[in-house]
Asker: 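The structure under discussion is supplied below as structure tokens; questions concerning it will follow.
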Amino acid sequence: MFDIEFPIIGGTMMHLARAEYTAAVSDAGGLGVLASANYKEMDEFRETLRKIKDKTEKPYAVNLNFFPALNQIDNNLYLDVMIDEGVRVVETSGHKAPEEMVARIKDAGMKWMHKCVGVRYARKAESLGADAVTVVGYENGGATGTLDITTLCLIPRVVDSVSIPVIGGGGVGDGRGLAAVLALGAEAVIVGTRLLLAEETPLHPAIQKKLTESSELDTRLVLRSIGNTHRVLDNETAQQVAKLEADGAGLDKLLPLISGMIVKEKFAEASDGGLLACGQGIGLGEEIKPMRDIIQNLVAEAHQTTARINQLMPSPD
Ligand SMILES: Cc1cc2nc3c(=O)[nH]c(=O)nc-3n(C[C@H](O)[C@H](O)[C@H](O)COP(=O)(O)O)c2cc1C
């Protein structure tokens, strides 16, 4: 459907999924997903799409964000530019599938995947005409929704509930996870947290190093009190947010801490990197590597995993 070599989607990431990251995932044989919400000016957005095309001829996708945001731009403006620039795959994510935009996406001949966290949302996306649905379990980095269903249970439930292809993820940090997600019935996997450790991801090296030393115990859920639960790295900023929430703080008090993650160029402004979405799979990522190596390792390990399973469990006849 997407004309990609490996069944691996490089999860979109606010602040980080820019041209270099997106092109690196696609060029390595996966599908990179640019975060359109990084761009407030349409000229800059258009320039970014062109930069990706300069870096790779392989297909890539663009995410349209339908989570409530303070300075939400009309997603139709992004779509105008995407149609002009020949983008072939659009991913939408948010609390509800964007019913009002489906006709435009379809008329433009784009493939549409919608990312969500539960069976009923997946069914809704299918009923609206989604070509594929992405579901991520509760261990994932970023938005977790409110249902708290783990990857192991969510993927097969969704696979059994819809007839379109399912992309599954949440907690996939190596090839064992890739093989597992495919074994659960998904057609492809989505990976975010593991790719925080790619050389092409524009995180400051000091934060990347800290991530290599982090384990599955080092994430926490924040922002549930304002209906926008996110799994993030359990750093000082996250602890401050959690404390404010426990004390009943409203959005006005939380905002200064949650409004921006500190990426490479701004690292000096916050020693811990600010609020950084991060999944439990961080315990599986030990090394910072080029994107191509990460993706090839995922595939090679998945093959080793299936070989191991076949050996452990010969066919009964
Ligand atoms: C730093 C970071 C930022 C993210 N930002 C977004 C975002 O803006 N929109 C979105 O739909 N998903 C976002 N995600 C979620 C990923 O696209 C992907 O669904 C998720 O990371 C997969 O689970 P995993 O982290 O366990 O691999 C983000 C994830 C991370 C780690």
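Any value given below was found using the heavy atoms of this structure, including those in side chains, with hydrogens, waters and symmetry copies removed. These numbers were taken from a predicted model, which means no experiment stands behind them. For the single chain, residues carry numbers from 1 onward in sequence order. Just so you know, ligand 1 is whichever comes first in the structure, and atom 1 is the first atom listed for that ligand.
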Asker: In ligand 1, which numbered atoms sit nearer than 4.0 Å to a non-hydrogen atom of G170?
Answerer: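 Counting atoms of ligand 1 from 1, those under 4.0 Å from G170 are 23 (O), 26 (O).
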Asker: Purely on distance, is any nitrogen or oxygen of R194 under 3.5 Å from one on ligand 1?
Answerer: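 No: no nitrogen or oxygen of R194 is under 3.5 Å from one in ligand 1.
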Asker: Are V136 and L284 grouped together when hydrophobic residues (ILVMFWY) are joined by side-chain heavy atoms under 4.5 angstrom apart?
Answerer: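 Each belongs to a different hydrophobic cluster.
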Asker: For atom 23 (O) of ligand 1, state which one of T144, T151, L275, N140 supplies the nearest heavy atom.
Answerer: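 Nearest heavy atom to atom 23 (O) of ligand 1 lies in N140.
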Asker: Report yes if some N/O of K115 lies less than 3.5 Å from some N/O of ligand 1; otherwise report no.
Answerer: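 N/O-N/O distance under 3.5 Å: yes.
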Asker: Check this for me - ligand 1, E91, N or O atoms closer than 3.5 angstrom, yes or no?
Answerer: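 The answer is no, given that E91 and ligand 1 share no N or O pair closer than 3.5 Å.
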Asker: For the 3.5 Å polar cut-off, considering only N or O atoms, please tell me whether L276 and ligand 1 meet it.
Answerer: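 No, there is no polar N/O contact under 3.5 Å.
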Asker: Start with the C-alpha distance between E287 and T212, add both sets of side-chain angles, then the distance that settles side-chain hydrogen bond (donor to acceptor under 3.5 Å, both in side chains), and finish with yes or no.
Answerer: CA-CA 6 Å; E287 277 182 83; T212 62; over 6 Å; no
Asker: Does atom NZ of K210 have more than 12 heavy-atom neighbours from other groups under 6.0 Å away?
Answerer: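 Buried by this count: over 12 neighbours within 6.0 Å.
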Asker: Does only the side chain of V136 get under 4.0 Å from ligand 1, or the backbone, or both, or neither? Count heavy atoms.
Answerer: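 V136 to ligand 1: side-chain contact only, backbone stays beyond 4.0 Å.
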Asker: I'd like to know if R292 and D27 make a salt bridge, using a cut-off of under 4.0 Å between side-chain N and carboxylate O.
Answerer: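 Between D27 and R292 there is a salt bridge, with a charged N closer than 4.0 Å to a carboxylate O.
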Asker: Could you label the plane-to-plane angle of the F45 and Y78 rings as parallel, tilted or perpendicular, counting under 30° as parallel and over 60° as perpendicular?
Answerer: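 Because their plane-to-plane angle is over 60°, the rings of F45 and Y78 count as perpendicular.
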Asker: Between A17, G192, A277, which one has a non-hydrogen atom sitting closest to atom 21 (O) of ligand 1?
Answerer: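 The residue whose heavy atom sits nearest atom 21 (O) of ligand 1 is G192.
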Asker: Could you tell me which atoms of ligand 1, counted from 1 in the order shown, lie closer than 4.0 angstrom to a heavy atom of G11?
Answerer: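 Reading through ligand 1 atom by atom, the close ones are 17 (O).
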Asker: Answer yes or no: does an N/O atom from G141 fall short of 3.5 Å to an N/O atom of ligand 1?
Answerer: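 Yes: some nitrogen or oxygen of G141 is under 3.5 Å from one in ligand 1.
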Asker: Return yes when G281 approaches ligand 1 closer than 4.0 angstrom through a heavy atom, no otherwise.
Answerer: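 G281: no contact with ligand 1 (<4.0 Å).
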Asker: Short list, please: which atoms of ligand 1 are under 4.0 Å from a heavy atom of S93?
Answerer: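 Checking each atom against S93, I get 10 (C), 11 (O).
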Asker: At less than 4.0 angstrom from any non-hydrogen atom of V191, what atoms of ligand 1 do you find?
Answerer: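 Listed by number with element, the hits are 27 (O).
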